[in-house]
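Presented below is the structure to which this report refers.
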Amino acid sequence: MTIMDAALIAQALADFLGLPVDQIQARLERPPRQDWGDVSYPCFELAKRWRRSPQDIAAELAATLPSGTWTASAAGGYLNFAWHREKVLPGELRRALQKGVALPQTGTGKTVVLEFGSPNVAKPISMGNLFPTIIGHALSRMYQALGWKVIGINHLGDWGSQFGKVLAAYHRWGQEEEVRGDPVNALYRLYVHFHAEAPRDPGLGREAQAWLQRLEGGDLEAHRLWRWFVEASTDAFLSTYARLGVTFDHVWGESFYKDRIPDVVQQLRSDRLLETSQGAQVVRVGDDIPPCIIVKSDGTSIYAARDVAAAIYRYERFGFDQMIYVVGAEQTLHFTQVFRTLKRMGYPWADNCHHVGFGLIRLEGRKMSSRRGDVVLLEDVLDEAVRRVAAIIDGKRPRLKDKARIAEVVGVGAVVFHGLKNQRMRDLEFNWAEVLSFEGETGPYVQYTQARIHSLMEKAQFQPQQFFQIPEPWGPEHPVTTLEWELWSALSGYENTVVQATVKNEPFLVARRLLDISQSFNGLYNNQRILSDDINTRIKLLALSDHTGQVLKHGLNLLGIEAPDTM
RNA sequence: GCGCCCGUAGCUCAGUGGAUAGAGCGCCUGACUACGAAUCAGGAGGCCUGAGGUUCAAAUCCUCACGGGCGCACCA
């Protein structure tokens with residue numbers, strides 16, 4: 001608990017009123033305007049109970065409540081508390097400089113399996129892959145920051161009927177040299193061509209099905225091609241992941257679990273959970289939703305069965321406390337079916353499996369369709385962002401060292417931040433102008449703020465020791481300014497934001513907090529001189545700036561974005 | 001038809017049941033011979049889709065409409 005923790009106020013109020021602390025604390029809130037105070041207690045509930053006006057109660061409490069490191073005042077039916085800024089801030093800042101960002105290690109000893117990324121083999125990484133990749137990556141870092149052991153798994157789409165299509169298309173039209181030269185694009189063209197031809201050529205569908213059956217049956221030729229395609233695609237994916245700083249503990253595609261499916265089917269059968277319905281083998285998982293299909297009527301496997309097998313394997317291997325699937329919201333029903341199937345199989349840990357969904361990225365109002373080849377490639381977006389950043393650097397900082405690397409970091413950062421700044425369930429209309437914006441609520445804005453602070457630190461050669469030696473940085477002669485206090489308020493909420501963001505699996509909360517902090521800092525920076533001639537002022541503002549820079553860097557890192565010291 | 005998600009400024013979005021609903025972009029006015037102008041200060045811009053309900057108090061919770069998106073058994 002810090003000096004500024006509202007729990008102190010809740011306790012004092014609870015003692016005075018003779019009410020449970022929890023009840024008081026649940027009511028505490030932030031006043032809408034900072035000059036009204038830092039913590040607020042609405043007295044309307046008491047008013048009802050005591051049959052007195054809330055105004056009276058607030059006024060009386062303000063007058064009679066024993067004071068602490070705060071001042072209480074009444075405003076209408078609200079009892080407002082304002083911290084004694086000059087007394088509180090020095091200690092808080094000292095602690096912050098000593099400890100840096102200190103997150104509660106609530107995950108210590110616990111393991112979370114995080115499935116994310118999961119691109120399909122034989123298709124290039126498009127903007128459609130942005131969310132599953134960067135949301136998963138951010139969550140991975142956030143859980144780690146809270147002490148969890150994170151197992152990141154990239155669940156490649158490398159099996160199933162789409163693969164039958166790729167094999168059929170390659171067999172019909174494919175050229176070996178072409179695929180050798182540029183595997184992903186060549187395979188993708190075949191896939192798109194397949195879907196273009198399929199409507200007027202019913203034979204194609206049958207060929208795809210036959211290839212899938214050959215593949216699942218262990219046919220050597222099918223298997224050889226499959227392995228080649230998977231390996232070539234994986235290489236391409238890895239280079240994009242490298243740009244994004246994304247890594248995985250395991251790249252286990254769907255095919256990884258295929259040999260475990262027969263055991264799953266066997267177990268379901270002996271548990272009498274499997275039924276034959278319309279030629280398929282299914283598990284009933286409730287009257288409100290359709291059954292979970294485990295084996296298709298043609299005998300080939302289906303993704304639900306692979307997901308069930310995968311979950312069991314992962315539990316046996318990792319004994320996870322939580323498993324999170326970062327997969328599009330359109331698959332909500334599928335995961336409900338899978339989790340209920342696991343539950344019916346008697347696995348209590350099925351309750352610890354969670355689907356973290358996200359909205360669609362749409363293109364000119366429609367869903368991007370990989371079947372039609374109607375996609376925007378992620379690499380193209382990254383390249384364009386980097387190119388534009390490089391042009392800006394040439395214009396305003398021509399002598400910047402390491403220009404190419406900085407342009408890469410800032411350009412990629414803009415794209416990643418753009419994808420993480422809103423609630424994940426919201427659909428995103430892809431818009432070049434917005435992705436390529438570097439001003440306002442953007443990644444480069446936060447990066448810029450951090451770089452600006454770094455530059456201050458360099459110039460001033462600031463060391464935290466200097467701050468510790470000032471006896472009274474703020475006092476009656478030098479009150480804490482509104483801008484300083486606003487910045488501190490934004491900073492002091494950071495740890496809690498990270499905790500909340502992790503609990504809700506919502507990285508955007510971290511992104512928003514970083515914007516708040518950056519805005520507060522820039523407001524201060526433009527209105528108060530930090531490198532003041534007055535040594536006290538200079539050092540305390542440097543101390544505040546130093547911590548701001550640390551938090552921004554920490555937060556960007558959680559989001560998977562690099563924070564360059566110059567840009 | 002059923003289920004899930006979304007509906008807040010011209011646009012993109014924030015907004016733990018509480019006070020006068022906030023940002024960014026765009027538009028208008030200003031600030032670089034003080035620390036990095038990818039910045040900042042100010043202005044204009046709102047029936048929080050609509051109607052009921054719960055509550056001392058609703059953008060927020062509950063119903064019902066309307067509008068948009070996504071699902072609804074052998075694709076993933």
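So that the names make sense, note that chain A is the first sequence line, chain B the second, and so on, each numbered from 1.
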inquiry  = I'd like to check, for A:Tyr303, whether its ring lies over the base of B:rC75 with centroids under 5.5 Å apart and a plane angle smaller than 30°.
reply    = no
message = Measuring from the side chain of A:Pro290 (C-beta onward, heavy atoms only), which nucleotide among B:rC72, B:rU16, B:rA76 has the closest atom?
response = B:rC72
note = Walking RNA chain B from its 5' end, the first of A:Ile392 and A:Gln331 to be reached, judged by nearest nucleotide, is A:Ile392
ask   = Sub-3.5 Å donor-acceptor pair from the side chain of A:Asn526 to the main-chain atoms of A:Gly523, do we have one?
value = no
task = Starting from C1' on B:rU16, measure out to OH on A:Tyr41 and report it in whole angstrom.
result = 17 Å
Between P of B:rC13 and CG of A:Leu509, the distance in whole Å = 16 Å
key: Among B:rA37, B:rA19, B:rA41, the nucleotide that comes nearest once only the side chain of A:Arg452 is considered   = B:rA37
inquiry  = Taking donor-acceptor contacts at under 3.5 Å, does the side chain of A:Asn80 reach the base of B:rA19?
reply    = yes
ask   = Which part of the nucleic acid, if any, lies within reach of A:Pro31 when heavy atoms closer than 4.0 Å are counted: base, sugar-phosphate only, or nothing?
value = base
request  = Mind checking A:Ala26 for me? I need base, sugar-phosphate or nothing, with any heavy atom below 4.0 Å counting as a touch.
outcome  = nothing
task = Answer yes or no: does a side-chain N or O of A:Arg371 lie under 4.0 Å from OP1 or OP2 of B:rC75?
result = no
query = Considering only B:rA38, B:rA14, B:rA76, which nucleotide approaches the side chain of A:Val410 most closely?
reply = B:rA38
ask   = Contact class for A:Gln423 (heavy atom, under 4.0 Å): base, sugar-phosphate, or nothing?
value = sugar-phosphate
inquiry  = Over all strands shown, is A:Pro291 touching base, sugar-phosphate only, or nothing at heavy-atom distances under 4.0 angstrom?
reply    = base
note = Rounded to whole Å, the CZ-P distance (A:Phe335 to B:rA76) equals 12 Å
inquiry  = Under a 3.5 Å distance rule, please check whether A:Asn154 uses its side chain to pair with a backbone N or O of A:Ser118 as donor and acceptor.
reply    = yes
query = B:rG45 and B:rG50: how far apart are their C1' atoms, nearest whole angstrom?
reply = 23 Å
key: Test item: side-chain donor near acceptor, A:Ser73 and A:Asn80, under 3.5 Å   = no
key: Spacing between A:Asp288 atom CG and B:rG1 atom P, to the nearest angstrom   = 20 Å
Any-strand Watson-Crick or G-U partner of B:rA57, both distances under 3.5 Å = none
message = Any base atoms under 4.0 Å from A:Ser297, or only sugar-phosphate, or nothing? Heavy atoms, all strands.
response = base
message = Could you check whether A:Asp534 and A:Ser532, counting side-chain N and O atoms only, form a donor-acceptor pair closer than 3.5 Å?
response = no
ask   = Which one, B:rG36, B:rA76, B:rA38, comes nearest to the side chain of A:Arg397?
value = B:rG36
task = Give one of base, sugar-phosphate or nothing for A:Ser40, where a contact means two heavy atoms less than 4.0 Å apart.
result = base
remark   = Separation of B:rU12 atom C1' from A:Arg512 atom CZ, nearest Å, is 9 Å
ask   = Under 4.0 angstrom, heavy atoms only, what part of the nucleic acid is A:Asp307 near: base, sugar-phosphate, or nothing?
value = nothing
task = Select base, sugar-phosphate, or nothing to describe what A:Gln528 touches, counting heavy atoms under 4.0 Å on all strands.
result = base
query = With a 4.0 Å cut-off on heavy atoms, is A:Ala47 in touch with a base, just the backbone sugar-phosphate, or nothing at all?
reply = nothing
Touch class at under 4.0 angstrom, heavy-atom based, for A:Phe508 against every strand present = sugar-phosphate
ask   = Which is true for A:Arg306 with a 4.0 Å heavy-atom rule: it touches a base, it touches only sugar-phosphate, or it touches nothing?
value = sugar-phosphate
query = When the ring planes of A:Tyr257 and A:His155 are compared, do they come out parallel, tilted or perpendicular, using 30° and 60° as the limits?
reply = tilted
key: Proximal nucleotide (of B:rG36, B:rC40, B:rC13) relative to the A:Asn526 side chain   = B:rC40
remark   = Closest of B:rC13, B:rA76, B:rU39 to the A:Asn422 side chain is B:rC13
For A:Leu268, the option from A:Val295, A:Leu274, A:Val308, A:Val282 that meets side chain to side chain contact (heavy atoms under 4.5 Å, CB included) = A:Leu274
ask   = So, A:Asp307 versus A:His334: side-chain donor-acceptor pair below 3.5 Å or not?
value = yes
ask   = Looking at B:rA23, B:rG69, B:rA73, which one has an atom nearest to any side-chain atom of A:Leu360?
value = B:rG69
key: Identified pairing partner of B:rG22, criterion: Watson-Crick or G-U wobble below 3.5 Å   = B:rC13
inquiry  = Using the side-chain heavy atoms of A:Tyr445, tell me which of these nucleotides is nearest: B:rU39, B:rA76, B:rC35.
reply    = B:rU39
query = Who is the Watson-Crick or G-U wobble partner of B:rC27, with both distances under 3.5 Å?
reply = B:rG43
remark   = Using Watson-Crick geometry (N1-N3 plus N6-O4 or O6-N4) or G-U wobble (N1-O2, O6-N3), each under 3.5 Å, B:rG36 is paired with none
query = A:Leu333 near the nucleic acid: base, sugar-phosphate alone, or nothing, with a heavy-atom cut-off under 4.0 Å?
reply = sugar-phosphate
task = Looking at every strand, decide which applies to A:Ser277 at a 4.0 Å heavy-atom threshold: base, sugar-phosphate, or nothing.
result = base
Partner nucleotide, any strand, of B:rC70 [Watson-Crick/G-U, under 3.5 Å] = B:rG3
request  = Sticking with atom P, work out how far B:rG36 lies from B:rG69, rounded to a whole angstrom.
outcome  = 50 Å
A:Asp38 and A:Trp485 side chains, donor-acceptor separation under 3.5 Å = yes
inquiry  = Taking any heavy-atom pair under 4.0 Å as a contact, classify A:Lys367: base, sugar-phosphate, or nothing.
reply    = sugar-phosphate
task = Give a yes/no answer on whether the side chain of A:Lys504 brings an N or O atom under 4.0 Å of OP1 or OP2 in B:rU16.
result = no
Any-strand Watson-Crick or G-U partner of B:rU49, both distances under 3.5 Å = B:rA65
message = Given B:rU20, B:rC40, B:rG24, identify the nucleotide with an atom nearest to the side chain of A:Glu441.
response = B:rG24
Nucleotide of B:rA73, B:rG69, B:rA19 approaching A:Val282 most closely (side-chain heavy atoms) = B:rA73
